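To start, the structure itself, in structure tokens.
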Amino acid sequence: MDHKLELANAIGTQTGIPAAELVDYIEIPPNPEMGDYAFPCFRLAKSLKKAPAAIAAQLKDEVQLPGGIARVEAAGGYLNFFANKDEYTKAVLDAVLSADRYGATQQGENKNVCIEFSSINIAKPVHIGHLSSTAIGNSLCRIYGYLGYNTIAINHLGDWGTQFGKMIVAYQKWGSREMVEKESVRGLVKLYVRFHEEAEKDESLNDEARAWFRKIELGDPDALELFNWFKEISLKEVMQIYELLDVHFDSYAGESFFEDKMKPIIDELGAKGLLKVDNGATLVELEEYGMPPCIILRSDGATLYATRDLAAARYRKATYNFVKSLYVVAYQQNLHFQQFFKVLELLGDDWVKDMEHVNFGMVSMEEGTLSTRHGNVVYLEDVLKAAIDKTLDIIKEKSPDLEDKQSAARAVGVGAVVWGVLYNSRIKDITFSWGKVLNFDGETGPYAQYTHARCCSVLNKAGGYDANAVDYSKLDDPAVAALVKAIAVFPDAIQTAASKNEPYIVARATIDICATFNRFYYDNRIMDDDAAIRNARLAITDAARKVIATGLYLVGLKAPERM
RNA sequence: GUUUCCGUAGCUCAGCAGGAUAGAGCGUCCGCCUCCUAAGCGGAAGGCCCCGGGUUCAAAUCCCGGCGGGAACGCCA
């Protein structure tokens with residue numbers, strides 16, 4: 001299917017240049033009319049002491065075409081090769097139709113990849129700002145899983161800190177069991193906001209909060225009961241969202257889990273002479289690496305974020321022996337990760353090279369920064385619900401006879417929202433707008449899902465086809481060539497997406513298949529009267545269906561058969 | 001101030017281990033359902049690829065310097 005190496009060999013024998021060097025030069029022309037492969041002769045001009053166009057013209061006559069390549073043309077300094085279309089189409093479609101999971105590999109067999117993502121804060125609402133990490137992390141889990149890796153999805157819960165002391169104080173003063181049970185996390189947030197309002201007037205509340213958190217740390221039964229209850233409520237609520245998103249975790253080991261695991265690494269830092277006390281704080285100096293110091297202990301002796309991350313990294317290495325450990329966390333924390341990775345390096349943990357901060361841009365509102373305190377937030381749950389409601393309306397209008405409208409609406413509504421954060425490179429900032437998340441036209445999740453459903457619909461109506469008797473010469477439409485190419489490139493997209501940790505590459509490769517399929521669909525009646533033509537068109541429709549379903553899966557979307 | 005990321009069509013973004021006329025969606029305008037899902041398809045308009053140098057046969061892509069914007073920068077996470 002891939003002729004690059006054979007072409008490199010053929011050119012190599014003519015020019016005397018090693019094929020290994022030439023193979024990287026071979027490219028795919030921007031326009032299919034130019035051919036399927038192109039070799040730019042410019043680079044050979046110097047060593048061969050000839051003009052590029054002359055080299056191309058000469059090679060055109062001399063080069064021995066490998067099997068599967070039908071002809072060659074010289075165009076300026078380019079040598080353009082044309083594959084034998086029928087053979088190429090057959091090779092690509094056979095690969096899809098015969099494979100269980102097209103594009104899947106075993107390259108990750110017996111290798112563990114840790115992926116930390118979502119990492120929600122207990123007792124705080126899950127808002128749209130949490131979607132990026134959750135969606136990107138989930139997609140990466142699926143992509144690595146598809147490549148054979150064993151993935152460990154880690155939700156590094158924010159479940160520790162004086163904030164819980166504050167919650168307890170607020171709950172005892174202004175809350176009630178009924179209120180919290182009824183209003184759940186939103187009730188807790190109200191209490192939290194109230195606490196900050198009151199604390200502005202009355203400083204002593206902060207002392208009370210610290211005292212209560214101290215009780216949690218010491219294992220006081222009353223304090224622990226409330227703490228665990230708040231945690232339970234929060235988790236219960238967030239689970240519903242994860243259920244909707246079809247996201248699952250292997251570990252919820254968060255901050256509280258590492259509370260008793262930091263001492264050894266602090267001791268080791270001290271023993272290796274990396275610690276320094278400055279203004280009361282204990283830190284690792286990183287000036288010679290162009291970074292501010294990494295604080296390990298506050299002046300009051302308390303541990304910090306970095307301390308916990310160090311302990312967590314060690315724990316994960318020991319527990320999972322990962323070949324890769326990813327942190328899907330916003331780019332605001334770039335410096336933190338650079339610092340904490342550097343500290344591990346200084347400790348001699350050479351596996352730090354396998355760790356990567358998979359950063360992404362920030363979400364803001366049209367009115368400005370997201371802020372729970374100022375009420376400038378949009379709850380993720382509300383966004384998902386709105387998208388589902390809108391989808392349901394569309395389904396009622398367009399597919400009134402669809403049996404299970406609810407589940408289709410869930411798949412498509414959620415898909416539209418998730419797709420929104422996975423269609424561009426991670427680093428881009430996002431300004432939330434209802435108009436945008438509720439747009440289902442164009443390059444969107446619903447578009448991909450719609451195309452998939454369309455394929456399913458045709459295939460269902462056809463009732464089947466004979467995959468072993470496909471006459472590929474019947475597929476002579478120009479749209480077919482584009483579709484076949486889009487399908488052929490899909491496995492490369494998965495590889496690139498994994499190597500860059502960029503789900504959008506899969507999303508876009510999927511859209512390319514959808515767009516070319518829809519063009520094909522309009523140019524050709526699949527259910528043609530001619531049995532051979534019909535069979536071939538059904539085969540390519542089925543291939544498109546399979547790959548689109550895979551693409552949707554890899555970015556975390558469902559692929560309903562009807563919508 | 002220092003570090004870092006970003007700057008491509010009105011808007012949102014692809015393209016950037018250099019290569020052939022710079023692409024897509026949204027929005028705008030025009031057209032297409034007696035036929036397999038119109039959440040679709042076709043067409044039009046719309047670009048000093050932020051600016052200036054440099055490297056190269058070739059720069060949106062690499063390097064340097066500006067300008068503009070985001071983010072981070074010692075006891076939050």
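All values derive from a computational prediction rather than experimental measurement. The sequence lines fix the lettering, A, B, ..., with proteins before strands; numbering per chain opens at 1.
- With sequence neighbours excluded, the residues satisfying ring-ring contact (aromatic ring centres under 6.0 Å, His included) with H336(A) are Y305(A), F340(A).
- For residues 155-166 of chain A, every residue pair satisfying the salt bridge (charged side-chain N to carboxylate O under 4.0 Å, His left out) rule, not counting sequence neighbours, is listed here: D159(A)-K231(A).
- Within 4.0 Å of M362(A), counting heavy atoms only, lie sugar-phosphate atoms of the nucleic acid but no base atom.
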Polar atoms only, N or O, under 3.5 Å: list the protein pairs with nucleotides 29-33 of chain B and their distances.
none

Protein-nucleotides 56-63 of chain B N/O pairs under 3.5 Å:
{"residue": "C57(B)", "atom": "OP1", "partner": "K46(A)", "partner atom": "NZ", "Å": "3.2"}

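- Residues satisfying the ring-ring contact (aromatic ring centres under 6.0 Å, His included) criterion with Y423(A), sequence neighbours excluded, are W419(A).
- No donor-acceptor contact under 3.5 Å links the side chain of D512(A) to the base of A14(B).
- When the salt bridge (Lys or Arg N to Asp or Glu O under 4.0 Å) test is applied to D207(A), the partners found at least two apart in sequence or on another chain are R210(A).
- Side-chain proximity of R519(A) to C73(B), U37(B), C41(B): nearest is C41(B).
- Look at CD on Q449(A): it is 18 Å from P on U37(B), rounded to the nearest Å.
- Considering N155(A), V358(A), V329(A) in turn, V329(A) is the only one that fulfils the side chain to side chain contact (heavy atoms under 4.5 Å, CB included) rule with E116(A).
- Residue pairs meeting the salt bridge (charged side-chain N to carboxylate O under 4.0 Å, His left out) criterion with at least one member in residues 403-418 of chain A, sequence neighbours excluded, are E403(A)-R562(A).
- Residue pairs satisfying the ring pair (Phe, Tyr, Trp, His ring centres under 6.0 Å) criterion with at least one member in residues 434-459 of chain A, sequence neighbours excluded, are listed as follows: F432(A)-W434(A).
- Residue pairs that meet the salt bridge (charged side-chain N to carboxylate O under 4.0 Å, His left out) test with at least one member in residues 527-546 of chain A, sequence neighbours left out, are D528(A)-R537(A), D542(A)-R545(A).
- Applying the salt bridge (charged side-chain N to carboxylate O under 4.0 Å, His left out) test to every pair with at least one member in residues 28-38 of chain A, sequence neighbours left out, gives these pairs: D36(A)-K485(A).
- Base-pair partner of G18(B): not found among the strands shown (Watson-Crick or G-U wobble, both distances under 3.5 Å).
- In the displayed structure, E561(A) atom CD is contacted under 6.0 Å by at most 12 heavy atoms of other residues, nucleotides or ligands.
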(request) Sugar-phosphate means primed atoms, P, OP1 and OP2; the rest is base. With that split, encode nucleotides 2-8 of chain B 5' to 3' as B, S or - using protein heavy atoms under 4.0 Å. (result) ---SSS-
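- A heavy atom lying under 4.0 Å from RNA chain B marks the following residues of residues 301-310 of chain A, by number: L304(A), Y305(A), R308(A).
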